[in-house]
Amino acid sequence: MKHNVQIRQEAREILRGKWLAGVVITLIFGLLMLLTGAFSVFNLNDEVIFSLLTILTAIVIGYPLQVGFAMVWLKLARTGNGPELKPLFGGFTRRYHRSAMGTLLLMQIYTLLWTLLLIVPGIIKSIEYAMTPFIIADEPELGCNEAIEKSMAMMQGHRWQLFKMYLGMIGWMILGVFTCYIAWLWIIPYYQTAYAKFYLALKEEAR
């Protein structure tokens, strides 16, 4: 398995000359996610409808967008082509939409239940589930639970390695706050590409 330093270096190399496209796609993704939350604004006077609409828009629109975002960076990491805007909407196609909604919803429920039990198990499980969006992007025919279980199997022996990569990301994210979040437009493509490279390295090791 490749070391995190090598994975991040490969991510930087593959983004060379492509940062602008990565920034634009990240900005579009962020705006779409904000708009997804904005649908619930029209029902602020009714807390029940507000909550239900927020959950519904997250499932129907937000989850497929997250899978599409994973597709963007997975294609870049695998082929060196891109990042391109078209894969961002790939989660809404007939082949992926149902899998994106069901799998990510189930993943969120599992994570919430583990977190309610104890915070640390919740963190561990979120790390184990981290490859799920990439697995959906690669194998949408898998059942919801199958995709999650495959992520858990892939992460066996590599949880600490991914956690260390998360720690590095948190440092950059905090630094990005001091730029009024503008730096996030560069940080997110960098780490999403690194996560995609991490996933591909896990797949190669599994073979």
Side-chain angles (χ1 to χ4, degrees), residues 26 29-44 46-74 87-167 169-170 173 188 191-192 195-196 198-199 202-203 206:
T26 301
F29 171 73
L31 291 174
L32 289 173
M33 291 299 289
L34 285 174
L35 288 173
T36 298
F39 282 114
S40 58
V41 170
F42 300 103
N43 294 278
L44 285 173
D46 191 319
E47 292 184 3
V48 175
I49 295 179
F50 171 79
S51 299
L52 290 175
L53 190 56
T54 300
I55 294 170
L56 184 62
T57 52
I59 295 170
V60 177
I61 301 175
Y63 290 167
L65 272 175
Q66 291 178 43
V67 171
F69 201 54
M71 289 181 184
V72 171
W73 310 109
L74 183 57
L88 180 61
F89 303 100
F92 292 100
T93 60
R94 185 176 181 180
R95 185 183 180 197
Y96 291 95
H97 196 214
R98 183 178 297 179
S99 178
M101 291 189 299
T103 306
L104 293 190
L105 175 60
L106 189 60
M107 186 180 76
Q108 291 294 328
I109 292 172
Y110 285 164
T111 304
L112 176 61
L113 291 175
W114 278 105
T115 303
L116 290 174
L117 179 64
L118 280 173
I119 294 176
V120 173
I123 295 173
I124 292 173
K125 287 300 177 181
S126 66
I127 292 172
E128 290 181 349
Y129 302 156
M131 298 298 109
T132 304
F134 295 116
I135 292 170
I136 299 171
D138 259 352
E139 303 175 76
E141 68 279 359
L142 289 178
C144 299
N145 216 49
E146 287 180 287
I148 296 171
E149 289 177 352
K150 185 167 184 176
S151 177
M152 293 173 64
M154 292 176 74
M155 287 303 301
Q156 287 298 315
H158 301 289
R159 290 178 298 188
W160 176 242
Q161 184 177 355
L162 185 60
F163 182 68
K164 287 191 292 184
M165 189 173 286
Y166 281 164
L167 290 178
M169 176 184 172
I170 291 172
M173 288 294 187
I188 290 174
Y191 273 95
Q192 286 296 323
Y195 293 150
F198 191 97
Y199 166 74
L202 287 176
K203 283 197 70 173

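Any value given below was found using the heavy atoms of this structure, including those in side chains, with hydrogens, waters and symmetry copies removed.
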Checklist entry - Does the pair Tyr191 and Met173 meet the rule for a side chain to side chain contact (heavy atoms under 4.5 Å, CB included), with working shown? => result CA-CA 10 Å; Tyr191 273 95; Met173 288 294 187; over 6 Å; no
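By the ring-ring contact (aromatic ring centres under 6.0 Å, His included) test, Phe92 is found to be paired with His97, residues two or more places apart in sequence or in another chain being considered. A search for side chain to side chain contact (heavy atoms under 4.5 Å, CB included) contacts involving Thr93 returns Arg95, Tyr96, not counting sequence neighbours. A search for side chain to side chain contact (heavy atoms under 4.5 Å, CB included) contacts involving Leu56 returns Val60, not counting sequence neighbours. With sequence neighbours left out, the ring-ring contact (aromatic ring centres under 6.0 Å, His included) criterion links Tyr195 to Tyr166. The side chain to side chain contact (heavy atoms under 4.5 Å, CB included) search around Ile119 returns Ile123, not counting sequence neighbours.
Atom OG of Ser126 is separated from atom CE of Met107 by 9.0 Å, given to the nearest 0.5 angstrom. Here OG1 of Thr103 is found 11.0 Å from OH of Tyr63. Values are rounded to the nearest 0.5 Å. Distance check: Trp73 CH2 to Gln192 CD gives 7.5 Å after rounding to the nearest 0.5 Å. Remark: Arg94 CZ to Ser99 OG distance equals 14.5 Å, nearest 0.5 Å. The CG atom of Leu65 sits 10.0 Å away from the CG atom of Leu35 when rounded to the nearest 0.5 Å. Atom CE of Met101 sits about 13.5 Å away from atom CG of Leu106, to the nearest 0.5 Å.
In this structure, Val67 and Ala100 approach most closely via the heavy-atom pair CG2-CB, 3.5 Å. When all heavy atoms of Phe198 and Met155 are compared, the pair lying nearest together is CE2-SD, 4.0 Å. Across Gly102 and Cys144, no two heavy atoms sit closer than the pair C-SG, 3.5 Å.
Phe69 has its side chain out of reach of Leu74: every pair of non-hydrogen atoms, C-beta onward, lies at least 4.5 Å apart. Looking at heavy atoms from C-beta onward, Pro133 lies in side-chain contact with Leu104 at the 4.5 angstrom threshold. By the 4.5 Å heavy-atom criterion applied to side chains, Phe134 and Met71 are not counted as neighbours. Side-chain contact between Met131 and Leu162 is present, with heavy atoms from C-beta onward closer than 4.5 Å. Side-chain atoms of Ile135 and Met154, non-hydrogen and from C-beta on, do get closer than 4.5 Å to each other.
Side chain of Thr132 to backbone of Tyr129: a donor-acceptor contact under 3.5 angstrom is found.
Evaluation of the side-chain hydrogen bond (donor to acceptor under 3.5 Å, both in side chains) test over residues 137-164, restricted to residues two or more places apart or in two chains, returns Asn4-Gln161, Arg78-Asp138, Tyr110-Asn145, Glu128-Arg159, Asp138-Tyr199, Asp138-Lys203, Glu139-Lys150, Asn145-Glu149, His158-Glu205.
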